[in-house]
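Input: a single structure, listed below in structure tokens.
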Amino acid sequence: MTLQTLLRSAAALCLTAASLWAGDLRPVALRTEYLVNPLGIESPAPRLSWQVESAARGARQVAYRLRVASSAAKLAADQGDLWDSGKVVSSETVNVPYAGPPLRSSQRVFWTVEVWDSESVPGSLPFGARSESASWTMALLNPEDWQAKWISYRDTAPLHTNRDSLFLPPARHFRKPFTPTKPVARAFLHFSALGIAEFHLNGVRVSDGFFESGWADYARRAYTRTHDVTKLMRAGTNCLGAIVTDGWYAGYVGYGVLVGYGPNKAGRYFYGKTPALLAQLEIEYADGSREVIATDPTWQVSGDGPIREADLIMGESHDARRARQDWCSANGAADWKWESAIPAADNGSTRATFYDNCGAREVDLGFRPPPKLQAYTAPPIRVTEELPAKRITEPKPGVFIFDLGQNFAGVARFKFKGPAGTRVQIRYGEMLHSDGRLMTENLRKARATDFYTLRGDADGEVWTPRFTYHGFQFVELTGLPEKPSLDAVTGLALHNETPLVGEFACSDEVLTRFWKNTQWTQRANFIEIPTDCPQRDERLGWMGDAQVYVRAASCNADVAAFFTKWLDDVEEAQRDFGAYPDYAPYPMGHGTPWKTFGTAWTDAGIICPWTVWQVYGDTRLLERHWTSMTRFMDWRAASTTPDGLGTSLGNPWGDWLNTGETTPVEFIDTCYHATTCRMMAEMAEALGRRTEASNYRRRGNEVKAAFAKACLNADGTLKVDSQSAYVLALAADLIPADQQAAAVARLADKLAKNDFRSTTGFLGTRAILPVLSAHGQHDLAVRLFQSRKFPSWGYEVEQGANSVWERWDSFTKEHGFNGSSGTQNAAMNSFSHYSFGAVTEWMFRDLAGIDTDGPGFRRIVIRPGPPTPGSNPDVPPVSWARARYDSPRGRIISDWKRDGDRLLLSVTLPANTTATVLLPAKSAEPITEGGKPINQAAGVKFLRVENGRAVLAVEAGSYQFAAKL
Ligand code: BGC
């Protein structure tokens with residue numbers, strides 16, 4: 001035992017004794033760049049985060065020490081040989097950058113954190129509480145680290161030019177046998193793909209991730225991945241293999257077929273004709289020497305495998321008769337035709353005319369190496385939940401429909417039994433027609449059909465598609481020889497594994513269900529990018545949807561790493577003239593060259609980074625995109641009218657899907673300009689860019705003045721008299737304080753005159769409840785929230801929604817798929833569209849009452865929002881609500897309930913945070929905590945009574961408040 005370990009054990013004993021009477025702060029939940037033990041980090045200074053836990057009230061971290069070591073053994077011996085921060089007097093626990101010497105490619109790094117609380121410092125205990133160890137590995141950092149060459153198969157297929165038929169080439173199996181020469185200590189696989197690559201080592205999948213290496217604008221950049229394959233290595237001959245399919249690179253993307261976009265209007269090949277692969281297995285031998293197995297033309301490739309078709313949107317076809325267990329071995333699958341792979345460039349050039357709304361242009365679909373390789377920063381796409389089938393129906397003889405009980409996105413696991421050669425057709429749908437048939441009209445040109453041909457295994461055969469996904473609740477099987485049993489289909493929900501951090505419930509079960517719907521719909525759409533919908537031929541990163549939903553998304557899941565990745569795609573898609581486009585990535589132009597953007601869609605490039613910073617305190621993200629954001633703001637300034645007002649220059653989506661009241665895009669544009677100026681000013685301040693901050697602030701004031709002159713009446717009403725106009729102007733703080741009451745009164749009046757129904761679209765709906773709650777109309781907000789009338793969240797649930805629908809009336813019991821009017825277009829009708837689910841933000845912040853006070857939840861606001869009893873003539877107003885939110889600093893709970901004329905509030909705040917609790921109460925007198933008057937409660941300080949609420953300063957810990965209402 002070293003002296004250090006001895007000392008540490010002694011100190012640990014003291015600590016145990018100390019923790020009986022003092023703090024017991026423990027560091028947990030270690031993350032590197034937001035991920036748990038990630039592989040393939042590219043940042044030279046990865047940011048380390050942890051949380052601290054303690055049962056004690058007011059627990060604080062007063063110091064930390066990070067040790068970063070080059071091996072687990074060194075770390076165990078307390079040697080931070082790469083970096084030892086020493087004891088740093090700081091309460092920081094989030095995003096502390098590694099500050100040791102540069103790390104090299106593929107390096108494995110181990111770390112721990114030691115923390116001291118306020119009790120341990122004065123006693124100057126030499127050791128704090130130590131975390132478990134965590135680790136990360138570095139990606140390949142320099143272009144010259146890649147010995148691998150881009151390879152491909154020889155692609156002799158003619159370019160598909162027919163929009164009326166699909167071209168779905170088979171997956172290619174690549175492989176490379178190799179023999180390690182010495183005992184192996186470790187092996188890492190680094191790869192990138194133009195297309196999708198699924199790697200196998202010695203016949204075993206190297207990861208459970210889907211759709212790797214990811215979607216970027218391949219003409220500029222491709223993502224890389226790193227996997228630890230040490231455990232799959234064996235003595236003697238090994239074989240590394242990869243199944244490669246078209247993916248976003250060469251396959252069908254978006255509504256390309258529908259509108260005739262892409263090369264030769266075929267709807268596919270948006271980035272190139274033939275998928276390509278770049279891979280490098282780095283073997284570290286026990287003696288410290290290294291060997292690299294890299295893609296080159298010595299690899300073999302075959303197109304004879306079982307996956308006959310594989311397309312993200314159209315589906316996958318699997319002929320199990322062709323499957324060979326041993327394909328990923330030296331001479332396996334001998335009956336497949338194997339050829340040498342070729343350098344990807346050897347497929348030469350393929351010229352085509354590319355069509356989209358930006359006009360026709362000549363393109364070359366031949367291989368070009370992506371100029372930049374970048375490590376993927378989001379969590380992998382994985383199966384996160386299994387959904388067993390609930391029931392089977394047979395609407396027509398031999399057609400079996402499985403109901404999985406929940407609309408979601410992903411794939412399914414099938415168990416089939418039957419004679420060899422039996423071909424099962426598998427279709428997917430979100431809904432059923434009234435006669436029991438699968439509803440597929442809303443898939444538009446997405447074939448969304450898989451096929452499986454049985455090999456005839458007497459014990460049955462199990463299959464899951466891996467190169468496609470669908471948005472569905474129902475699965476239809478045809479072609480089976482007999483009625484399948486319920487376990488023939490199990491749904492597998494897929495998405496980037498953003499940890500689910502939020503939970504909400506309230507006394508109104510219909511709205512609790514709606515919250516759950518937002519979680520499901522978020523999961524269904526956070527697949528590679530925040531998509532608009534997972535089922536039809538679209539699945540694009542529509543920016544308007546993303547910006548209205550991003551804050552809600554953060555309530556449901558930890559989306560920091562997911563947005564970090566997508567915001568790179570967003571910046572990459574920025575137009576030359578500065579606007580952010582309608583969606584990102586941007587493979588095809590949706591507008592003429594100067595109309596590739598839309599007000600409020602384009603603003604996502606500011607709103608999303610600002611929101612991620614607010615929730616996670618991430619300033620590095622702001623630095624990363626600062627130049628791009630300022631370029632956008634310059635363009636925005638140049639796009640205003642000489643009077644400083646907004647314009648309608650791009651695609652006029654406006655308050656998309658409003659119900660009956662349109663708001664001019666010019667008006668909306670002014671509101672968004674003001675909002676982005678405010679956000680830029682705040683971000684500039686956070687980055688210490690004072691001049692820019694004051695410039696943006698001044699510009700925001702100019703917009704406000706221009707707005708007041710052009711849009712505001714003297715009595716506080718607006719010249720544009722729509723609900724959304726009031727909501728957006730108030731949300732953008734464009735109405736001077738002394739006129740706000742009048743504006744809010746007008747909004748309330750308009751709602752009342754409209755039978756308490758909103759008319760707001762995507763933009764207005766996001767802000768309507770927050771604006772009402774913030775301006776003294778919380779009862780009205782809760783009333784709208786609980787409405788069951790069209791259009792409302794409750795209406796949707798009562799029509800049977802278990803996910804968030806694109807339209808409030810995507811299905812009605814009265815008119816089916818034709819909406820409440822009976823005239824709706826069933827094709828433009830997604831049942832998995834999160835925009836109207838943005839209300840989740842209000843549920844957490846204004847109803848349950850959990851919010852951050854400044855960036856990153858270091859300071860918290862707890863503001864429970866009970867409505868007044870009797871304030872809703874239609875349904876009992878919400879009488880209790882609770883939310884749990886696992887913030888970047890730990891778990892927060894706000895759980896309130898009305899008990900007669902009392903409000904009971906149970907609050908949990910993570911260690912090392914403080915909160916302002918705003919408790920509805922007339923005075924401090926009747927307030928108790930844990931049954932005692934609050935002035936006797938440890939960790940609570942009464943500050944004042946303000947606007948009918950007692951304002952309390954509260955330390956970390958758990959509390960039970962009771963107040964008289
Ligand atoms: C998408 C929307 C998107 C819109 C633009 C639609 O096709 O599904 O959610 O924002 O286009 O208006």
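Whatever order the structure lists them in is the order used to number ligands and atoms, beginning at 1.
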Answer yes or no: is there an ion pair linking Asp569 with Lys565, defined by an N-O contact shorter than 4.0 Å? yes

Using atom types as modelled and distance alone, determine if a side-chain donor or acceptor of Asn829 lies under 3.5 Å from a backbone N or O of Asn442. no

Can you confirm whether more than 12 heavy atoms, excluding those of Asp576, are under 6.0 Å from its CG atom? no

Mind checking what makes salt bridge (charged side-chain N to carboxylate O under 4.0 Å, His left out) contact with Lys750, not counting sequence neighbours? Glu661, Asp721

With no hydrogens and no angle check, do the side chains of Tyr428 and Asp450 hold a donor and an acceptor under 3.5 Å apart? yes

Test side chain to side chain contact (heavy atoms under 4.5 Å, CB included) on Phe210 and Val383; report intermediate values, then the result. CA-CA 8 Å; Phe210 277 65; Val383 173; 4.0 Å; yes

By chain and number, the residues contacting ligand 1 below 4.0 angstrom (heavy atoms only) are Asp532, Arg536, Glu538, Trp542, Asp545, Trp601, Trp653, Trp656, Phe762, Glu806, Met828, His833

